[in-house]
Amino acid sequence: MTLIVPVLALLAIGVVHLISAIIEPPEVETTTIGYVDEVGGFDGYTTQGPIELVRYDTQDDATAALLEDDVSEYFVISSPYTSMGVINRYTLEKQLETPPATQAAIKKFITSNILSGSVPQETIELVQAPLYLMITRLDETGAVATEQGGFGNLIIPGIFSLLLALSLNFFASYMVQGLGEEKESRLIEVLLSSVSTRQLLTGKVLGLGVAGLVQVVVWLVSAPLLLNLASSAFGGFFSTIQIPGNFLVLGVVYFVLGFLLFAALSAGVGAISPNAREGQQLSLIYSMFAIVPLWFSSLLMMFPKSPIWTVLTIFPVTAPVEVMLRLGVSDIPAWELAVSIAVLALSVIGVLFLSIKIFRTYLLMYGKRPGFGEILRNLRSG
Amino acid sequence: MLAVEVSHVVKSFADKVAVDDLSFSVTQGEIFGLIGPNGAGKTTTIRMMMDIIRPDSGEVTIFGEKFGEATQNKLGYLPEERGLYKKLRVLETIIYLASLKGMDRNSAEEKAGELLERTGMLSNKRKKIEEMSRGMGQIIQFIVTITHDPQLVILDEPFSGLDPVNTELLKEMCLDLRNQGKAVILSAHQMNQVEELCDRILMVNDGRAVLYGDLAEIKSRYKSNSVLLDFEGELGDVPGVTEKRQHRGYVELLLDGKTTPQQLLERLVSRGMVINRFEMATPSLNEIFLKEVGKNKK
């Protein structure tokens with residue numbers, strides 16, 4: 001998975017590049033839309049980009065043209081329009097609403113015809129597109145900030161949060177399965193005749209932490225290279241993609257801590273599970289939390305200041321993926337990051353400590369899984 | 001120095017006492033048999049020796065110390081139920097598990113090569129564990145147990161599931177270990193193997209020691225006053241013999257309290273009888289085992 005992701009991205013760039021070199025861009029298809037003008041005065045501006053508007057004298061003529069496939073649809077400007085703005089649109093297609101391109105073309109046609117002759121052409125164009133908001137973010141000193149935000153800023157953290165959630169799930173499941181198999185095959189007894197429970201589990205957890213570190217470093221190194229490649233090959237949106245300034249450091253911190261926490265949780269689940277299959281079912285409980293921030297990502301974009309994101313940033317199981325996402329959407333206060341990292345690091349130590357304790361108690365329980373109450377009792381009694 | 005010393009060890013699980021005040025010791029240069037019926041507490045005892053589970057009371061020391069990092073590397077353990085990483089190759093498996101015992105890669109590879117050669121498995125060193133038969137897997141696991149040259153080797157039911165050829169091979173290797181001055185603990189319920197290999201035994205039943213000591217001494221304690229005789233010709237009445245029990249290929253003669261086997265032999269030879277076999281009838285370990293376990297069941 002570590003190398004597959006950049007290799008696949010490289011392949012995708014190559015394939016798109018190859019296809020764009022071989023295949024000529026398709027010609028823009030012209031659509032013909034009919035209209036019936038019962039009010040009068042709507043006879044100019046009939047070419048709106050790729051949409052051609054054709055006038056019919058009556059609605060019957062327009063319907064006949066629609067049925068004969070001369071037009072893809074038609075609309076009627078009847079007398080209520082001037083007082084209520086109502087225009088009736090007729091189509092053979094089942095649609096949720098009018099396609100934006102069609103709506104824009106009809107709107108421009110109507111406004112152009114209404115304003116034609118009354119105001120200059122520039123005014124007509126301004127009415128049709130009154131503003132194009134250019135956002136400039138300033139820093140605390142009033143200077144233009146280096147990181148400007150926007151969707152270009154969200155892409156890399158968004159991709160990393162998705163990949164982190166997938167990796168955490170994959171590695172947690174892998175670890176639970178590995179421990180389950182070692183228990184099932186009793187190889188665990190051979191291992192524990194060589195190393196202590198603490199050494200065994202700490203080794204496994206650190207091993208997974210290193211796997212996370214290698215993965216994030218490979219991805220972080222390959223991301224700017226791939227972006228440059230994509231930007232020089234395709235330009236457009238790719239050239240607007242930025243990696244947030246603190247993303248490199250926080251990416252490494254949260255990847256590693258996330259891997260360590262999920263590995264420690266998996267060690268605990270592996271300890272109480274009689275076999276690999278049951279262990280994997282149990283691991284779904286915390287694996288699900290890694291996905292939770294992704295479920296709410298659209299809400300995060302709409303309401304970036306909601307306190308719910310602070311909770312998800314501090315809650316250790318959701319923190320790694322939530323922080324990745326938030327770095328792309330908005331700023332995260334320094335205190336939140338500090339608390340989040342501290343809670344995550346303490347959780348890793350705490351969960352690992354409990355997992356070692358549980359592991360020793362339930363190591364030889366091959367037949368059945370202990371109940372939650374029993375585990376708590378055992379932990380209390382030491 | 002004693003390789004293992006177990007003193008008054010007790011271990012209970014929720015519903016039963018698995019090991020009840022068990023004490024024994026194992027010295028270097030001996031094969032020590034830990035025998036008993038299924039569920040007697042053998043594996044629990046071994047797991048306590050390995051510190052996999054802790055006793056409720058009592059103490060276990062390995063080479064005079066409590067089980068810890070210092071003793072771990074002196075010890076090789078073959079658990080009752082075998083298992084290795086199925087996807088890993090034979091040589092890598094041996095090297096990895098030997099490295100956990102503090103062995104460097106080159107020494108582990110060299111020793112693994114020697115042991116694979118000796119067991120006729122060298123050609124399989126690049127194969128994955130999952131490609132091995134069950135018996136071959138067991139031999140590999142035995143090699144894993146001894147690659148790091150442990151001073152104490154604990155073998156839990158090492159012969160179960162092995163064919164006669166591999167059983168012989170394993171026995172030879174156990175004897176070699178003893179001859180090298182290592183302590184070998186053999187937990188088994190196949191009495192003939194124990195009888196053949198062990199110098200001393202501990203028989204446990206229901207978690208308690210039933211018999212403990214030198215095997216020859218234990219057997220002599222259980223011997224009956226009878227001899228086994230295979231001969232040619234007619235036996236007739238023999239003074240000092242109270243009963244004759246006919247077996248296939250030999251006859252068992254029960255002596256009265258005043259006649260010794262030596263005297264009986266002299267009497268038979270003086271009759272000019274051709275004697276093919278004259279043997280003191282000592283009970284097999286199996287018979288002793290059945291007697292002791294049966295006694296406890298009553």
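Because only heavy atoms are used, hydrogens play no part in the values below, and waters and symmetry mates are left out as well, while side chains stay in. So you know, we letter chains A, B, ... as the sequences are listed, proteins then strands, and number each from 1.
- Taking a 6.0 Å sphere around CD of A:Q281, one finds it holds more than 12 heavy atoms contributed by other residues, nucleotides or ligands.
- Shown here is B:K86, whose NZ atom has no more than 12 heavy atoms of other residues, nucleotides or ligands within 6.0 Å.
- Looking at A:E181, neither its backbone nor its side chain comes within 4.5 Å of chain B, counting heavy atoms on both sides.
- Residue B:E80 does not touch chain A at all, counting heavy-atom pairs closer than 4.5 Å.
- The structure places CG of B:L177 at 7.5 Å from CG of B:L155, a figure rounded to the nearest 0.5 Å.
- The parts of B:Y85 that come within reach of chain A are both its backbone and its side chain, each placing non-hydrogen atoms under 4.5 angstrom from that chain.
- For the atom pair CD (B:E157) and OG (B:S187), the distance works out to 5.0 Å, reported to the nearest 0.5 Å.
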